[in-house]
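All figures in this text were calculated on a predicted structure; none of them were measured in a lab. We name chains A, B, ... by the order of the sequence lines, and we start the count at 1 in each one. Keep in mind that the numbers below use all heavy atoms, side chains included, and drop hydrogens, waters and symmetry copies.
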Protein chains: 2
Amino acid sequence: MPDITRTGTAKTETTTFREVMAEIVQRITEGPWGPGTLLPGEVELAEAFGCSRTTMNRALREVSELGFLDRKRKAGTRVRMAPIRQARFEMPVVRAEIEKTGAVYGYQLVSSAVVVAPEWLRLRMGLKARAHVVHLLCLHFADGVAFQLEDRWINAGALPQALQQDFTESGPNEWLVATVPFSEVEISFLAQAADAGMVAHLDHALGDPVFCVERATWWQNAAVTLVTLAHRRGYRMTTRY
Amino acid sequence: MPDITRTGTAKTETTTFREVMAEIVQRITEGPWGPGTLLPGEVELAEAFGCSRTTMNRALREVSELGFLDRKRKAGTRVRMAPIRQARFEMPVVRAEIEKTGAVYGYQLVSSAVVVAPEWLRLRMGLKARAHVVHLLCLHFADGVAFQLEDRWINAGALPQALQQDFTESGPNEWLVATVPFSEVEISFLAQAADAGMVAHLDHALGDPVFCVERATWWQNAAVTLVTLAHRRGYRMTTRY
DNA sequence: CAGTGGTCTAGACCACAAC
DNA sequence: TTGTGGTCTAGACCACTGG
């Protein structure tokens, strides 16, 4: 057996953990390692693949993160009976999402007000009684056609700068990500019946099914903002894996 | 903020990469490393944190995967101006989703038929003309209440066993994941108006907004199955990060 | 061209969990 | 108790890319 190890200058390319990953995935999806198979230990695999245990460990760890493997100490590495079906959606800023399709992005502030938080919002975000919030309605256009209606609440207690901010030229989202960049987020996808606001600004009839994304944001345990993004007819959020 | 530190009472004197991660994330979110900051090199950081460069590399890599950092050779490691907003949804098998809430899972086959694929399906999945498909309607219950309506098409050309399979006792999903375990998947989320089938089996009125998940699956470039999962009223798909 | 991250290695100790 | 994965280390070479 010729020496294939890393220092060799042979034509055999160095064994990288990505190659090992690829081989493992292939053995799982097409090869001999069907669902439920118990894989050999790391040491044995490393020998068989001609790499160090460290490299094999990384390969197995990453394949595991892809959802194919289940790893437990002492129990070993086992091919999952069913892969972990996890969908990963990138949530770009609306502007980027629209411009990526080649369309021209447009923005319009529909309404802006400072109000006392309604009760449902206080409960939803954990606000104090009589907390003041900024309530915004904004429209995002793709090539002049309404694409998304943004209904946003900003907690003025946590973010008093929002009271002074001017949202007539650019949306609150872009201002927020620059101001409160890293925060805890809860995202929901849901189907909603079109209300008057959506009918007025999007191409919907009253009661039409509307695909909505709701995003609540906290920063250092304080509620920052809650936003509902209503999309135009036929919108779908898609991903592959 | 996700809990990065190891669960349990790790008391080791050695600096683990999770601790390093936690510290880095804290410096980014609350500390001195605001958006745009250029971090010191790995070697310098490793010294400062009292760990090896390998460990620091792993910590930085994982923080980077969380979406906080942007790493480039020669350019160095920089704090992102805006975090990568990505939502990650786990898509459990319905049974698991229902049983996780403590409810009792129930299943019922509504209808089953072998038909020639309609044109829209042929186009959607890339099937040959006159391809035969199995068309199933199934119901999933939580504590006896209809939870999800499954409208599934299976390509009999790619999966002839489906023609013999009996789906009266358990759903096609569980059979499929055991038969075609790892495949390429396209998932869409959308809002649909309730049709007659949904009205008949779920608690919907005609035209009600229904949250649907559509999943198309291929295996080795052959279309396997297309399924639409219609959910009951008020269903939301939620995730935190 | 040179600096930074990307990765590999060999060896070691440890934590968890199955037996 | 013991086997398996989890992780750390020190040192090394390499690949990409900014200046």
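The CD atom of A:Glu62 sits 17 Å away from the P atom of D:dG5 (whole-angstrom rounding). Regarding B:Arg58, its CZ atom lies at a distance of 18 Å from the P atom of C:dG5, rounded to whole Å. Look at CG on A:Leu45: it is 12 Å from C1' on D:dT4, rounded to the nearest Å. Here the P atom of nucleotide C:dT7 and the CE atom of B:Met56 are 17 Å apart, to the nearest Å. Atom CD of B:Glu65 and atom P of C:dG5 are 16 Å apart (whole Å). Nucleotide D:dC13 holds its P atom 18 Å from the CG atom of B:Asn57, rounded to whole Å. A:Asp70 places its CG atom 17 Å from the P atom of C:dC16, with the value rounded to the nearest Å.
One N or O donor and one acceptor, one from the side chain of A:Arg73 and one from the base of C:dA15, sit under 3.5 Å apart. Residue side chain B:Arg53 reaches the base of C:dG5 through a donor-acceptor N/O pair under 3.5 Å, judged by distance alone.
A:Arg71 and A:Thr77 form a side-chain donor-acceptor contact under 3.5 Å, judged by distance and modelled atom types alone. Counted by atom type alone, B:Thr37 and B:Arg78 present zero donor-acceptor pairs between their side chains at under 3.5 Å.
Salt-bridge formation is not detected for the pair B:Glu186/B:Arg215: no Lys NZ or Arg NE/NH1/NH2 atom is positioned less than 4.0 Å from an Asp or Glu carboxylate oxygen.
Considering only side-chain N and O atoms, A:Arg71 lies under 4.0 angstrom from the phosphate OP1 or OP2 of D:dG6. For D:dT7, the OP1/OP2 oxygens have no side-chain nitrogen or oxygen of A:Thr54 closer than 4.0 Å. OP1 or OP2 of C:dT9 has at least one side-chain nitrogen or oxygen of A:Thr55 nearer than 4.0 Å. The phosphate of C:dT4 (OP1 or OP2) has no side-chain N or O of B:Thr77 nearer than 4.0 angstrom. Checking the phosphate oxygens (OP1, OP2) of D:dG6, no side-chain nitrogen or oxygen of A:Arg61 falls inside 4.0 Å.
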(request) Please test B:Glu65 against B:Arg61 for salt bridge (Lys or Arg N to Asp or Glu O under 4.0 Å), starting from the C-alpha separation and ending with a verdict. (result) CA-CA 6 Å; B:Glu65 274 169 14; B:Arg61 178 172 11 109; 5.3 Å; no
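A cation-pi geometry, defined here as NZ or CZ lying under 6.0 Å from the six-membered ring centre and within 45° of its normal, does not hold between B:Arg232 and B:Phe147.
Within the 4.0 angstrom heavy-atom criterion, only backbone atoms of the sugar-phosphate kind lie near A:Arg18; the bases stay farther away.
Comparing A:Ala75 and A:Ser52 against DNA chain C, the residue whose closest nucleotide sits nearer the 5' end is A:Ser52. Between A:Lys74 and B:Lys74, the residue whose closest nucleotide on DNA chain C is further toward the 5' end is B:Lys74.
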